[in-house]
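Okay, structure first, notes after.
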Amino acid sequence: MESSPATTTPVLILDYGSQNTHLITRRVRSLSVLFLCISGTSPLSAIASLNPRAIILSGGPSSVYSPFDAPSFPDGFIEYGEEKGVFVLGICYGMQLLVHKLGGVVRAGEKGKEYGNKEIEVMGKSLLYGENGGREKVWMSYGDEVVRLPEGFEVVARSVETGTVAAVEDITRRLFGLQYHPEVTHSPDGMKKLERFLFEICGIERGRWKMEDTVGDDDHVICALSGGVDWTVAATLVHKVIGKRLHCVFVDNGLLRHEEKERVMEIFNNHLHLPVTCIDASEQFLDKLRYGEEKRKIIGKESISVFDSFAQELEYKLGKRPAYLVQGTLYPDVIESCPPPGCGRNHSHTIKSHHNVGGLPKDMKLKLIEPLKLLFKDKADEIFIKAIEEEGLYDTIWQAGVMLPNSKTVGVQGDQRSEGNPAILRAVTSEDGMTADWHWFDIKFLDEVSVKITNNVRGVNRVPMDITSKPPATIEWQ
C-alpha cells in the first residue's frame, strides 16, 4: 500500500473512556513514537491542529448504537482522514464506532459476550497480519458485536469460539479495526500488531521521538514548585532531561505553614540539588484572595502572573525568554476540574477547580509541560499494603494491590456530591499462580482500609473489593 513519506507529527489517540487508554499511550511511547491523548469528542479543528500521521480510536464502556451516551468523533472526521492521508485504527469500541458511523451494523452480542483470553482465526493475507493466516491468543472484552460491515471493509480475523468479527480493514480509506486489546500483555502478539500498524502500514519512522524533544535544544523552562511530592517529582524528571535550562520557582503566597518555606527550600537545595528561586508574593496574593471557588482561580491567575514576571527576569539575564512552564498536575486534578475523557460531555459538574487546572488563565504566555498529568498517586496501594503488613498477613497473601480504573463513581464527600474514581482492592492466595482464590479479610480490617483510602487519597470516593477467583478472572486486571 502506498503512503506518503513519514513525518514527525504525532500519533493521536481519541479517548472514549477505556481503562486501557493510557496503557496504549505508554506502549506506543515505549517505541519512541510521540503519542498524544485527547478526548474522543474533541472538535475537528483540535484534531487537525495536531496534524497526526495516525489516529487510534480507544475502547470505551458505551454502545455505539445508544441514542443517549455514545461518544463519537466529530462530523467530517472520515473525510479529513481521507484528504490528509491519515491512518485510523479502532480498538474495541473504536472499531465498532468506525463500522457504525460508516453505515455498518453493531448490536448486542447474540452469540455471547467474550471476556478474557480467547483465540482468533486470521483469515489469510492482510495488512494487519501479514502473509499468513493461523490462530492467535488475544484478550477480548466486549458485549456488542459487528454484524454487518460498511462498504469497502473486509473481515480479516474472527473469534474461534463465536465467529464474531475480530479484525477488519478498509485499505482504500486507511481504516483498520481490532475487536480485542493489543496493548495488554495477555495478547502475546499485540505489540507486534501495534508495531506493524505504526511502522509498516503508517510508515512512521522508529526512534524519531525522545522525551527531550518536548522542548527545543536551547529552550529554557520554568518549573512551579509547591513543596509537594507531585511537583517535586515533575521537577526532578525534567531536570534530568534538560539540566541547567530548568529554572524552578517556589512561591510564598502568604498561606504557608510556620517555617514551611525554610524547610522546603532546605530540601530543594541540600538534598535534591534543584535550582530553585524563592519569590515572596504574599502581599500580592493576600490582597486579592477571596473565599470559595473564586479563591482557587485567583491563586491560579496570580501564580501565573508571578511566573511571567520571573520569566521576564530570566529573559534579561539569559537573553532568551523561557517558553515552558512545568507543573506537577496529576490525573485526579484533571478529572476533578474537567469532564472525564470520552464522556461525551462538553462540561460536567465541577467538583472543584485546581489552581493548576481549572484556575489557569486563558491568555497564558508560557506553554505547559505536565509529565505526570495522566498518572494517579500510588498512595492507595501503599495504604493497603501497609495495612496487610501490620495485620501480619504479608507472607500469607500471594499478591495484593489496588486497581485504579479510568471510570467514574458518584459519592458524597463533605456534604457535597462528588465524582471520583474507585480504588478496587485485590488480594489473592495461591500456591503457584496458575489458580488463585481471593483472600477473606476480616470485615473490620476492610472497613479501616476503606476509611483510610477515601480520607487520604484525593480523587477516590469508593473502595470495592474484587472477590473473583482465578479462573474465571486473572490475578491482575491487565
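Everything numeric in this text was worked out from a predicted model, so none of it was measured. Reckoned from all heavy atoms, side chains included, excluding hydrogens, waters and symmetry mates. We count residues from 1, following the sequence as given.
For the pair Leu274 and His239, the minimum side-chain heavy-atom distance is below 4.5 Å. Under the 4.5 Å side-chain criterion, counting only non-hydrogen atoms from C-beta, Lys244 is not in contact with Pro275. No side-chain heavy atom of Val138 sits under 4.5 Å from any side-chain heavy atom of Gln179. Looking only at side-chain heavy atoms (C-beta outward), Val264 and Leu225 stay at 4.5 Å or farther from each other. No side-chain heavy atom of Val11 sits less than 4.5 Å from a side-chain heavy atom of Ile13. Asn253 places none of its side-chain heavy atoms less than 4.5 Å from the side chain of Val306. Inter-residue side-chain proximity for Val463 and Val402 is flagged as unmet; no heavy-atom pair is nearer than 4.5 Å. The shortest side-chain heavy-atom distance between Val428 and Asp466 does not fall under the 4.5 Å cut-off.
With values rounded to the nearest 0.5 angstrom, Leu246 atom CG is found 12.5 Å from Lys240 atom NZ. With values rounded to the nearest 0.5 angstrom, Cys223 atom SG is found 11.5 Å from His247 atom NE2. In this structure, CZ on Arg173 lies 6.0 Å from CD on Glu82, to the nearest 0.5 angstrom. In this structure, CG on Leu178 lies 9.5 Å from CD on Glu183, to the nearest 0.5 angstrom. The distance from atom CD1 of Ile475 to atom NZ of Lys470, rounded to the nearest 0.5 Å, is 5.0 Å. For the atom pair OH (Tyr180) and CD1 (Ile91), the distance works out to 9.5 Å, reported to the nearest 0.5 Å.
Every residue was checked against the salt bridge (Lys or Arg N to Asp or Glu O under 4.0 Å) condition with Lys452, not counting sequence neighbours, and none meets it. For Pro61, the side chain to side chain contact (heavy atoms under 4.5 Å, CB included) test picks out no residue, with sequence neighbours left out. The side chain to side chain donor-acceptor pair (under 3.5 Å) check on Arg462 picks up Thr409, with sequence neighbours excluded. In this structure Asp252 satisfies the side chain to side chain contact (heavy atoms under 4.5 Å, CB included) test together with Leu256, Lys261, Asp280, Ser282, sequence neighbours excluded. Thr277 pairs by the side chain to side chain donor-acceptor pair (under 3.5 Å) definition with nothing, not counting sequence neighbours. With sequence neighbours excluded, the residues forming a side chain to side chain contact (heavy atoms under 4.5 Å, CB included) with Lys386 are Glu390, listed by chain and number. For the salt bridge (Lys or Arg N to Asp or Glu O under 4.0 Å) test, no residue two or more places apart in sequence or in another chain qualifies with Asp75. With sequence neighbours excluded, the residues forming a side chain to side chain contact (heavy atoms under 4.5 Å, CB included) with Ala46 are Ser42, Pro43, listed by chain and number. Applying the ring pair (Phe, Tyr, Trp, His ring centres under 6.0 Å) test to His439 and every residue at least two apart in sequence or in another chain returns Phe441. Among residues two or more places apart in sequence or in another chain, the ring pair (Phe, Tyr, Trp, His ring centres under 6.0 Å) test is passed with Phe285 by none. Take Glu389 and apply the side chain to side chain donor-acceptor pair (under 3.5 Å) test, not counting sequence neighbours, and it matches no residue. Residues passing the side chain to side chain donor-acceptor pair (under 3.5 Å) test with Asp447: none are found, sequence neighbours excluded.
In terms of modelled atom types and a separation under 3.5 Å, the side chain of Thr236 and the main chain of Thr232 share a donor-acceptor contact. Looking at Tyr80, its side chain never comes within 3.5 Å of a backbone N or O of Val86 through a donor-acceptor pair. Side-chain N or O atoms of Ser309 include one that pairs as donor or acceptor with a backbone N or O of Ser305 at under 3.5 Å. Looking only at distances, a side-chain donor or acceptor of Arg53 sits under 3.5 Å from a matching main-chain atom of Cys202. When atom types are taken as modelled, the side chain of Arg426 and the backbone of Thr468 share a donor-acceptor pair closer than 3.5 angstrom.
Under a 4.0 Å N-O distance rule, the pair Lys192/Glu136 does not qualify as a salt bridge.
Surrounding OH of Tyr394 are at most 12 heavy atoms belonging to other residues, nucleotides or ligands under 6.0 Å away. Heavy atoms from other residues, nucleotides or ligands lying under 6.0 Å from CD of Glu79 number more than 12.
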Inset, instruction - Could you check Ile201 against Leu89 for side-chain contact (heavy atoms from CB on, under 4.5 Å), going step by step and ending with a plain yes or no? - result: CA-CA 11 Å; Ile201 297 176; Leu89 173 65; over 6 Å; no

Legend entry - Asp189/Lys137 under salt bridge (charged side-chain N to carboxylate O under 4.0 Å, His left out): CA gap, chis, key distance, verdict: CA-CA 8 Å; Asp189 293 322; Lys137 294 281 188 182; over 6 Å; no

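Of all the heavy atoms in His220 and Leu318, the pair that sits closest is ND1-CD1, 3.5 Å. What you find for Gly59 and Cys92 is that their closest heavy atoms are CA-CB, 4.2 Å. The two residues Ser72 and Leu97 have their closest heavy-atom pair at OG-CD1, 3.8 Å.
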